[in-house]
A.B. asks: 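Please read through the structure below; I'll follow up with questions.
Owing to the predicted nature of the structure, the values given are computational and were not obtained by experimental measurement.
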Amino acid sequence: MVAPQSVSEPFKMPFPHASEALSRFTVLDLTRVRSGPTCVRQLADWGANVVKIDALTEDAGGEQPGGPRRGSDFQNLHRNKRAMTLNLKDERGLTVFKRLAAKADVVVENFRPDVKKKLGVDYESLAKINPRIVYGSISGFGQDGPYHKRPGFDQIAQGMGGLMSITGAPGEGPMRVGIPVADLTAGLFCAMGILTALLEREVSGKGQWVQTSLLQAQIFMLDFQAARWLMEKEVAKQAGNNHPTSIPTGVFRTSDGYINIATTGGRIWERCAQAIGAPELFGHPDYATAPARSRNRDALNAEIEKRTVTKSTETWVRELNDAGVPCGPIYAIDQMFEDAQVKHLGIAQDVPNDEDRHIRLVGQPVTLSRTPSKMVARPPEFGEQTDEVLAEFGFSAAEIAKLRAEKVV
């Protein structure tokens with residue numbers, strides 16, 4: 001077995017690690033917009049020494065791809081890391097980057113596939129100087145194939161990946177999901193692939209290229225709907241707020257709003273019928289079996305809603321859960337963050353900063369008992385730690401001054 005590579009002391013972040021879990025790894029972040037930063041956020045939040053490479057062509061005054069640097073979106077994506085500027089279109093900038101990559105553990109990028117080769121920062125080029133490098137790539141459609149040069153956007157992937165065809169109400173046309181699910185999941189899958197490659201490197205001593213795309217991620221997220229076609233040749237349709245297979249599951253009006261009720265299997269359906277004061281529905285032949293409930297879903301939903309409109313959302317949530325029937329309110333985002341359980345989980349977290357700015361962001365949804373993730377550093381300003389990072393990678397003060405004078409950094 002090859003012993004894990006140790007990271008020398010200079011590569012530890014000068015501010016506290018977000019976690020000790022990944023603190024031995026150094027990551028060079030070439031990503032922009034959303035899918036790539038989502039990937040790198042996973043590494044930064046678990047303590048990796050992440051260096052964001054800001055292109056000198058960006059707007060140092062604040063505007064970035066994806067929104068203003070101090071805007072909520074950018075802040076949420078780029079916490080717990082440092083930043084330096086570098087002109088990768090200059091041959092001298094490329095030389096600097098290769099010196100960084102020679103000592104790094106991970107590089108992550110989400111350029112179009114041809115861009116990184118033009119810049120000279122592709123996996124093959126970097127692996128020659130650092131065979132242990134783990135290189136993560138996210139593209140719209142894959143690194144090769146007939147569409148590989150197309151620019152990738154979340155909504156395009158939602159459409160081509162089948163999601164929009166099963167989202168929304170029947171007969172109302174395709175509907176996008178309210179979050180950039182292809183971007184987000186591609187980032188998460190890339191992070192998972194990088195962590196898997198780092199684990200494998202501890203055995204082989206070798207790095208490798210981790211690849212995913214918005215299209216692949218979106219197709220994977222179809223999950224059982226994709227399996228229905230692959231195994232049974234059944235094309236899923238839009239079902240609105242109804243669950244595609246478990247009926248009754250959906251949205252029901254109350255006296256003051258709406259609730260979700262979810263039943264899976266006959267036993268929970270029986271509990272539901274009893275709890276809403278309509279035991280006769282359970283024994284009705286139109287609703288007695290899962291296939292019958294599916295065929296007659298509209299009539300059944302109407303019968304249930306006749307009962308749910310008689311009481312408040314709060315009352316039904318309490319009574320149905322007490323009866324063992326899964327039920328919950330439907331929150332707006334502000335209401336969600338005020339929920340007692342959400343507050344208990346502590347997923348909304350304040351980010352410390354010397355400017356005493358209000359920065360409150362969404363924390364990691366995973367808890368580790370010994371090495372938890374924390375918010376320890378606000379997102380960096382444009383190229384904020386350039387000199388600091390270069391010095392840690394072995395650049396002398398004279399070299400750094402020369403690079404600045406030549407506008408390489």
Side-chain angles (χ1 to χ4, degrees), residues 5-18 22-32 36-37 40-41 43-44 47-62 64-65 69 74 77-109 111 116 119-123 125-136 207 353-354 376-409:
Q5 184 186 39
S6 62
V7 178
S8 58
E9 187 68 23
F11 291 99
K12 288 190 176 181
M13 289 190 281
F15 47 78
H17 293 284
L22 300 181
S23 61
R24 67 188 186 276
F25 299 115
T26 297
V27 179
L28 301 180
D29 178 8
L30 292 172
T31 68
R32 298 291 184 272
V40 179
R41 178 174 60 190
L43 308 177
N49 176 16
V50 174
V51 178
K52 182 182 186 303
I53 309 296
D54 286 327
L56 282 176
T57 54
E58 291 178 13
D59 178 6
Q64 305 290 320
R69 199 170 190 106
F74 186 96
L77 285 167
H78 293 285
R79 72 280 185 109
N80 291 333
K81 63 176 72 170
R82 294 182 290 171
M84 63 169 287
T85 53
L86 187 60
N87 184 1
L88 287 173
K89 295 182 179 179
D90 187 307
E91 189 65 31
R92 295 165 297 187
L94 177 60
T95 299
V96 170
F97 184 79
K98 287 185 175 180
R99 281 181 63 177
L100 304 180
K103 294 185 176 182
D105 297 285
V106 177
V107 172
V108 187
E109 59 83 22
F111 299 124
K116 56 183 166 287
L119 291 173
V121 296
D122 53 291
Y123 171 69
S125 298
L126 300 185
K128 290 176 183 177
I129 59 175
N130 183 357
R132 293 175 57 83
I133 201 75
V134 172
Y135 190 103
N353 62 93
D354 292 339
V376 296
R378 62 157 173 75
E381 298 297 333
F382 184 78
E384 183 175 357
Q385 293 90 8
T386 299
D387 292 2
E388 175 183 297
V389 169
L390 289 173
E392 290 175 9
F393 276 87
F395 287 77
S396 68
E399 285 180 304
I400 295 171
K402 188 171 186 291
L403 290 169
R404 282 198 174 278
E406 294 174 343
K407 300 190 184 304
V408 177
V409 299

A.B. asks: If the condition is side chain to side chain donor-acceptor pair (under 3.5 Å), which residues does Asp387 pass it with, not counting sequence neighbours?
C.D. replies: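 By the side chain to side chain donor-acceptor pair (under 3.5 Å) rule, Asp387 matches Arg404.
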A.B. asks: So which atom in Val408 and which in Leu56 form the shortest heavy-atom distance, rounded to 0.1 Å?
C.D. replies: O-CD1, 3.7 Å
A.B. asks: Are any side-chain N or O atoms of Thr85 and backbone N or O atoms of Gly383, one a donor and one an acceptor, separated by less than 3.5 Å?
C.D. replies: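 Not a single qualifying donor-acceptor pair exists.
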A.B. asks: Atom CG of Asp29 and atom CG of Asp54: how far apart are they, to the nearest 0.5 Å?
C.D. replies: 9.0 Å
A.B. asks: My understanding is that only residues two or more places apart in sequence, or in another chain, count here; which of them pass side chain to side chain donor-acceptor pair (under 3.5 Å) with Arg79?
C.D. replies: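 Arg79 satisfies side chain to side chain donor-acceptor pair (under 3.5 Å) with Asp45, Asn76 once adjacent residues are dropped.
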A.B. asks: Nearest 0.5 Å, please: how far is CG in Leu126 from CG in Leu100?
C.D. replies: 10.5 Å
A.B. asks: Are the side chain of Lys103 and the backbone N or O of Phe393 linked by a donor-acceptor pair below 3.5 Å?
C.D. replies: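 Yes: the side chain of Lys103 pairs with the backbone of Phe393.
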A.B. asks: My understanding is that only residues two or more places apart in sequence, or in another chain, count here; which of them pass side chain to side chain donor-acceptor pair (under 3.5 Å) with Lys402?
C.D. replies: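 Here the qualifying residues are Glu406.
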A.B. asks: For Glu381, enumerate each residue passing the salt bridge (charged side-chain N to carboxylate O under 4.0 Å, His left out) test, keeping only those at least two apart in sequence or located in another chain.
C.D. replies: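 Here the qualifying residues are Arg70, Arg357.
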A.B. asks: Quick one, Leu390 and Val409 - any side-chain contact, counting heavy atoms below 4.5 Å?
C.D. replies: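 They are in side-chain contact.
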A.B. asks: Looking at residues at least two apart in the chain, or sitting in another chain, which of them share a side-chain contact (heavy atoms from CB on, under 4.5 Å) with Lys89?
C.D. replies: Asn87, Leu119
A.B. asks: With sequence neighbours left out, write down each residue that passes salt bridge (charged side-chain N to carboxylate O under 4.0 Å, His left out) with Lys98, or none if nothing qualifies.
C.D. replies: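 Once residues adjacent in sequence are excluded, Lys98 has no partner under the salt bridge (charged side-chain N to carboxylate O under 4.0 Å, His left out) criterion.
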A.B. asks: Measure across Thr386 and Met84 and return the closest heavy-atom pair with its distance rounded to 0.1 Å.
C.D. replies: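 Scanning both residues, the minimum pair turns out to be OG1-CA, 3.2 Å.
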A.B. asks: Quick one: are Leu30 and Leu88 in side-chain contact, heavy atoms under 4.5 Å?
C.D. replies: yes
A.B. asks: Distance check, rounded to the nearest 0.5 Å: Arg82 atom CZ versus Ile53 atom CD1?
C.D. replies: 10.5 Å
A.B. asks: What residues form a side chain to side chain donor-acceptor pair (under 3.5 Å) with Ser125, not counting sequence neighbours?
C.D. replies: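 Scan of Ser125 (side chain to side chain donor-acceptor pair (under 3.5 Å), adjacent residues dropped) gives Asp122.
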A.B. asks: Which heavy atom of Pro380 sits nearest to which heavy atom of His78, and what is that distance?
C.D. replies: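 Reported closest heavy-atom pair: CD-O, 3.5 Å.
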A.B. asks: Taking all non-hydrogen atoms of both residues into account, name the closest pair between Ala101 and Ile129 and its distance.
C.D. replies: CB-CD1, 4.4 Å
A.B. asks: How close do Asn80 and Ala18 get, counting heavy atoms only, and between which atoms?
C.D. replies: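 In this case the closest contact between Asn80 and Ala18 is ND2-CB, 3.6 Å.
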A.B. asks: Between the side chains of Arg69 and Glu384, is the shortest nitrogen-to-carboxylate-oxygen separation below 4.0 Å, so that they form an ion pair?
C.D. replies: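 No, this pair does not count.
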